[in-house]
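The figures here come from the full heavy-atom set of this structure, side chains too, leaving out hydrogens, waters and symmetry mates.
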Amino acid sequence: MHKGDIFFTRTSETIEEIGFPSVMLSEPQDTVFSGFVLRGRSLEKPGQLVNIFKKYVFFTNAFRKEMVTKSSMTTRALTSGTALSAMRVKFPLEATEQKKIGELITRLDYLIAANEQAPKLVIKIVKNFLANSFY
């Protein structure tokens, strides 16, 4: 395994949940590879897809549609390395553009996560205030 490898879930209960990805963003240390995931690695020149961009490009509607249509469903949904290698993904060719897109979406992810935490923090503050207000 190497930095930049992409891991896809190989099986799922439903076809819609098959093949969700995760990107190895740092060099792995003392890592074990699981048979429950498929490893993807670009066959093209190294660096064709920027790692921060990889975090998001495989969640696009177009790629998710590819994943669902090229996977099979029996008792469980299943995809394979052969199916994965036949899938196509569109992306900007310029690494600088990929990096800008990845950084922008990462910032949006952080903002969304922060805003999801804000109401919980307000509720906690109000509960603490109320708990300590009536002695």
- Rounded to the nearest 0.5 Å, the CD1 atom of Ile105 sits from the CD1 atom of Ile101 at a distance of 7.0 Å

- Query: Are any of the side-chain heavy atoms of Met73 and Leu78 separated by less than 4.5 Å?
  - Reply: no

- Message: Once side-chain contact (heavy atoms from CB on, under 4.5 Å) is applied, do any residues pair with Glu94, and if so which ones, sequence neighbours excluded?
- Response: Thr96, Glu97

- Note on the structure: When rounded to the nearest 0.5 Å, the distance separating CE of Met1 from CZ of Phe7 is 5.0 Å

- Item | Residues forming a side-chain contact (heavy atoms from CB on, under 4.5 Å) with Val68, sequence neighbours excluded | Ile15

- Got a sec, which pairs hit salt bridge (Lys or Arg N to Asp or Glu O under 4.0 Å) with one end in residues 16-31, sequence neighbours left out? none

- Note on the structure: Taken in chain and number order and not counting sequence neighbours, the residues that satisfy side-chain contact (heavy atoms from CB on, under 4.5 Å) with Ser26 are none

- Item | Trace of the side-chain contact (heavy atoms from CB on, under 4.5 Å) decision for Met24 with His2 | CA-CA 7 Å; Met24 180 72 73; His2 301 288; over 6 Å; no

- Task: Tell me, please, which residues at least two apart from Thr9 pass side-chain contact (heavy atoms from CB on, under 4.5 Å).
- Result: Phe20

- Item | Verdict with reasoning, Glu116 to Ile112, per side-chain contact (heavy atoms from CB on, under 4.5 Å) | CA-CA 6 Å; Glu116 288 173 351; Ile112 291 166; 3.6 Å; yes

- Task: Check the hydrophobic clustering (I, L, V, M, F, W, Y; side-chain heavy atoms under 4.5 Å; chains of links allowed) and say if Val50 and Leu108 are grouped together.
- Result: no

- Query: Looking at OG1 of Thr31 and CG of Asp5, how far apart are the two atoms once the value is rounded to the nearest 0.5 Å?
  - Reply: 10.5 Å

Could you give the side-chain donor-acceptor pairs of residues 54-63 under 3.5 Å, partners two or more places apart or in another chain?
residue	atom	partner	partner atom	Å
Lys54	NZ	Gly4	O	2.7
Lys54	NZ	Asn51	OD1	3.2
Tyr56	OH	Thr106	OG1	3.0
Tyr56	OH	Asp109	OD2	2.9
Thr60	OG1	Val57	O	3.1
Thr60	OG1	Phe63	N	3.3

- Task: Name all pairs fulfilling the salt bridge (Lys or Arg N to Asp or Glu O under 4.0 Å) condition that reach into residues 64-74, sequence neighbours left out, sorted by first residue then second.
- Result: Glu66-Lys70

- Is any side-chain heavy atom of Phe8 less than 4.5 Å from a side-chain heavy atom of Ser22? no

- Kindly determine whether Leu49 and Gln98 satisfy side-chain contact (heavy atoms from CB on, under 4.5 Å), including the steps that lead there. CA-CA 7 Å; Leu49 282 175; Gln98 291 179 33; 3.7 Å; yes

- Query: Please, which pairs that meet side chain to side chain donor-acceptor pair (under 3.5 Å) have at least one residue in residues 78-90, sequence neighbours excluded?
  - Reply: Ser71-Thr79

- Task: Mind checking salt bridge (Lys or Arg N to Asp or Glu O under 4.0 Å) for Glu103 and listing every partner two or more places apart, or none if nothing turns up?
- Result: Lys99

- Message: Taking the side chain as everything from C-beta on, heavy atoms only, tell me whether Val37 gets closer than 4.5 Å to Arg10.
- Response: no

- Query: Taking only residues two or more places apart in sequence, or in another chain, which ones meet Glu13 in a salt bridge (Lys or Arg N to Asp or Glu O under 4.0 Å)?
  - Reply: Arg76

- Query: Are Val23 and Leu104 connected in the hydrophobic side-chain network, where two residues link if heavy atoms are under 4.5 Å apart?
  - Reply: no

- Message: Please determine whether side-chain contact (heavy atoms from CB on, under 4.5 Å) holds for the pair Arg39 and Ile6, giving the CA-CA distance in whole Å, both sets of side-chain angles, and the decisive distance to 0.1 Å.
- Response: CA-CA 6 Å; Arg39 185 193 71 204; Ile6 308 160; over 6 Å; no

